[in-house]
Amino acid sequence: MKAALVAQDGSVLYEARRPTGREHGTDAVVATILDFAADLAQEGRTRFGAAPLAAGVAVPGTIDERNGIAVFSANLGWRDLPMRKLLGERLGNIPVALGHDVRSGGLAEGRIGAGRGVDRFLFIALGTGIAGAIGIHGGIEAGAHGYGGEIGHVVVRPGGPQCGCGARGCLETLASASAVSRAWAEATGDPDADAAACALAVESGDPAALVVWQNAVDALADGIVLAQSLLDPSTVIVGGGLAEAGDTLFTPLRAAVTERLTFQMPPKVVPAMLKDTAASLGAGLLAWDLLSMEVTA
Ligand SMILES: [Zn+2]
């Protein structure tokens, strides 16, 4: 877990990390989150002589932002957890915002990261799976049911590999860091070969690696062009483990996107800036948004 004390302008005053301790079960994870938040508030008092005015928490899985409920997380094991209420009680009833981890990360990238000053962007995180967030007017469009931006489950290869969501050929079965690791392990016969190793092999000109890599790049470009046709963002921000490959990813990806465009205006395809702190910074921005809404109201 990543946590931060965030000033009103989005600057980071203090950062900390802690393991979730999920091997000890869901109740332990929740207790760790609450303890971590309380310790962070105490850190604020000690360092700055003031407790935080509000708190934000960003979690994976399905969430009900309006009611502050963490509905379901396969990784962390909870169901219908009243996260906002629990955290508010623990922190002395300050306002608490609950956000989705990827959308919060996208929010931070949009306001204080790679999308600063950009009115419409698409944020794509290439990790174990592929998740995304639609940035518009300084916020994130979550959709009617909280599933907006799920570009990982856009089908780019009909009848392709089975996806965990039940469909076949979803983008994340082809272009996530896990998908590239799988494909490279299969190509090399080395079960430990991963996406980072594939990127290195691409850089050294290994033809088998180039095939694996280009397959992922092509799928990703198909997904981005689909999103471009629907949403017309000016910027596509790509983060997550696979984006660590830098130009090895971005150079062929920009070319593959450009060659697929017909009428669409080309988006700028840029690397994310905030790395794995994006979601915690986004949670901080959500907390500040709560306070500015209170003032407006
Ligand atoms: Zn899927």
Side-chain angles (χ1 to χ4, degrees), residues 58-62 73-76 100-106 109 114 121-134 147-188 190-203 208-228 236-254 256-257 260 269-272 274-276 278-279:
V59 300
T62 309
S73 165
N75 285 333
L76 301 175
H100 178 261
D101 60 348
V102 176
R103 289 198 293 273
S104 299
E109 284 292 347
F121 66 88
L122 178 69
F123 171 65
I124 307 177
L126 307 172
T128 311
I130 294 182
I134 300 163
Y147 294 113
E150 286 285 6
I151 192 170
H153 300 286
V154 160
V155 174
V156 292
R157 298 288 178 269
Q162 181 72 49
C163 180
C165 77
R168 286 186 168 275
C170 292
L171 181 58
E172 78 169 33
T173 68
L174 297 145
S176 62
S178 304
V180 173
S181 292
R182 257 194 321 272
W184 185 229
E186 198 173 307
T188 57
D190 172 2
D192 295 328
D194 64 5
C198 185
L200 288 175
V202 168
E203 284 154 23
L210 279 164
V211 170
V212 166
W213 197 253
Q214 193 62 40
N215 280 339
V217 165
D218 285 340
L220 188 55
D222 286 333
I224 288 174
V225 169
L226 192 153
Q228 197 63 24
V236 176
I237 303 169
V238 183
L242 207 60
E244 302 290 313
D247 287 347
T248 303
L249 175 67
F250 284 91
T251 302
L253 180 59
R254 289 180 187 121
V257 168
R260 283 165 171 74
V269 180
V270 301
L274 303 174
K275 310 294 174 196
D276 67 348

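Please read these numbers as outputs of a predicted model, since none were measured by experiment.
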pair [X]-[Y]: side-chain heavy atoms closer than 4.5 Å:
X      : Y      : answer
Ile124 : Ile224 : yes
Asp190 : Trp184 : no
Leu126 : Val180 : no
Leu122 : Ile134 : yes

With sequence neighbours excluded, residues passing salt bridge (charged side-chain N to carboxylate O under 4.0 Å, His left out) with Asp222
Arg157, Arg260
Residues that [X] engages under side-chain contact (heavy atoms from CB on, under 4.5 Å), provided they are two or more places apart:
X      : value
Ser73  : Pro60, Asn75, Leu76, Trp78
Glu186 : none
Leu226 : Val154, Leu230
Ala133 : Arg103, Phe123, Ile140

Find the distance between [atom1] ([X]) and [atom2] ([Y]) and round it off to the nearest 0.5 Å.
X      : Y      : atom1 : atom2 : value
Leu253 : Asp247 : CG    : CG    : 11.5 Å
Thr128 : Glu172 : OG1   : CD    : 9.0 Å
Asn215 : Leu210 : CG    : CG    : 11.0 Å
Thr173 : His153 : OG1   : NE2   : 9.5 Å
Ser104 : Glu109 : OG    : CD    : 12.0 Å

Please check if the side chain of Arg168 supplies one atom and the backbone of Gly160 the other of a donor-acceptor pair under 3.5 Å.
yes
Could you tell me which non-hydrogen atom of [X] sits nearest to which non-hydrogen atom of [Y], and how far apart they are?
X      : Y      : value
Ala175 : Ile130 : C-CD1, 3.6 Å
Ala193 : Ala185 : O-CB, 3.8 Å
Trp213 : Thr248 : NE1-O, 2.9 Å
Leu174 : Ala219 : CB-CB, 3.8 Å

Checking Gln214 now: which residues fulfil side-chain hydrogen bond (donor to acceptor under 3.5 Å, both in side chains) with it, not counting sequence neighbours?
Asp218
